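If you're wondering where the values come from, they're calculated on a predicted model, not measured in any experiment. Below, chains carry the letters A, B, ... as their sequence lines are ordered, and counting in each starts from 1.
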Amino acid sequence: MQDDFFDQVYQVVRLIPPGRVTSYGCIGKYLGAPRSARMVGWAMHAAPTADPPVPAHRVVNSLGLLTGKMHFETPFTMQERLEAEGIEVKKDKVVQFKKLFWDPETELKL
DNA sequence: TTTTTGACGATTC
DNA sequence: AGAATCGCCAAAA
C-alpha cells in the first residue's frame, strides 16, 4: 500500500502544516510526476479510503481554487476547514495563496 | 483490452 | 480577462 503512487501523495499531503496549502501539480512534481497533476487529484478521490485521514482540504489547484470542495461531505466542508485553520477563502479561492503556499520541494528538501 | 473520465496545468482563442 | 481546448497519465467501467 505504501508503494502506491496514491500513498505517496497521501504522505506528502499529511505533511502539509496547518494553515498552509499546496497544489496538486507541485505534489506530483515532488513525486516525480510533474505532468500527473490529475493523478494527484484522482488519488485524493481515494483519500478518505486511506487509513490515516488525509487533509485533502489543504490541497488546491495551482490557482488556489478549492476545486475539489464539491467532493467533500458538503461543498462547504473544505472552505470551513481551511478557515478553521486560519486560511481565508474568498470566492472558493485561498486568500494570499501565494503566501500560504507550501511547496514540498522547498519545505522538505533539507 | 478499450474507452471514458477526471479534486490539473498550461496554452490558445 | 474569461472561456475553451489540448496534453498527460492512471484508474474505473
If you draw a 6.0 Å radius around CD in A:Glu88, do more than 12 non-hydrogen atoms from other residues or ligands fall strictly inside?
-> no
Hey, are the side chains of A:Arg58 and A:Glu85 touching, using non-hydrogen atoms and a 4.5 Å cut-off?
-> yes
Taking atom C1' of B:dA7 as reference, at what distance in whole Å does atom CZ of A:Phe76 sit?
-> 17 Å
Rounded distance (Å) that lies between atom C1' of C:dG7 and atom CE of A:Met39 = 12 Å
Checking A:Tyr10 side chain against A:Asp51 main chain: does a donor-acceptor pair fall under 3.5 Å?
-> no
Going by heavy atoms in the side chains, are A:Val60 and A:Phe101 under 4.5 Å from each other?
-> no
Has the side chain of A:Arg35 got a donor or acceptor that lies under 3.5 Å from a partner of the other kind on the base of C:dC9?
-> no
Counting side-chain heavy atoms from CB outward, which of C:dA11, B:dA7, C:dC8 is closest to A:His45?
-> B:dA7
Whole angstrom value for the distance that separates P of C:dA10 from CG of A:Leu31 | 13 Å
Where the side chain of A:Phe6 is defined as all heavy atoms beyond and including C-beta, which of C:dA11, B:dA7, B:dG6 is the nearest nucleotide?
-> C:dA11
Looking at A:Ser36, does any N or O in its side chain come under 4.0 Å of the phosphate oxygens OP1/OP2 on B:dC8?
-> no
Measure the shortest side-chain to side-chain distance between A:Val13 and A:Met44 over non-hydrogen atoms and say whether it is less than 4.5 angstrom.
-> yes
Can you see which heavy atom on A:Pro104 is nearest to which on A:Cys26, and at what distance?
-> CG-O, 4.2 Å
Could you spell out the base pairing of DNA chain B in dot-bracket, with Watson-Crick or G-U pairs whose two distances are under 3.5 Å, [ ] crossing and | to another strand?
-> .|||||.||||||
Interatomic distance, A:His71 NE2 vs C:dA11 C1' [rounded to whole Å] = 15 Å
Whole-Å distance, A:Leu66 CG to B:dA7 C1', equals 10 Å
Round to the nearest Å and state the distance from A:Lys93 atom NZ to B:dC8 atom P.
-> 18 Å
Which atoms of nucleotides 9-13 of chain B (N or O only) lie under 3.5 Å from a protein N or O atom, and what are those distances?
residue, atom, partner, partner atom, Å
B:dG9, OP1, A:Gly25, N, 3.4
B:dG9, OP1, A:Ser62, N, 2.9
B:dG9, OP2, A:Ser62, N, 2.7
B:dG9, OP2, A:Ser62, OG, 3.3

Side chains of A:His45 and A:His71: closer than 4.5 Å at any heavy-atom pair?
-> yes
Of the candidates B:dA7, C:dC9, B:dG6, the side chain of A:Arg38 sits closest to B:dG6
Base, sugar-phosphate alone, or nothing: which one does A:Ala47 contact when heavy atoms must sit under 4.0 Å apart?
-> nothing
Length of the line joining A:Arg58:CZ and B:dA7:C1', which is rounded to integer Å = 17 Å
Send over the distance from A:Phe5 CZ to B:dA7 P, rounded to a whole Å.
-> 16 Å
Has the side chain of A:Asp4 got a donor or acceptor atom that lies under 3.5 Å from a matching backbone atom of A:Phe6?
-> no
So, does A:Arg20 use its side chain to make a donor-acceptor pair with the main chain of A:Leu100 at under 3.5 Å?
-> yes
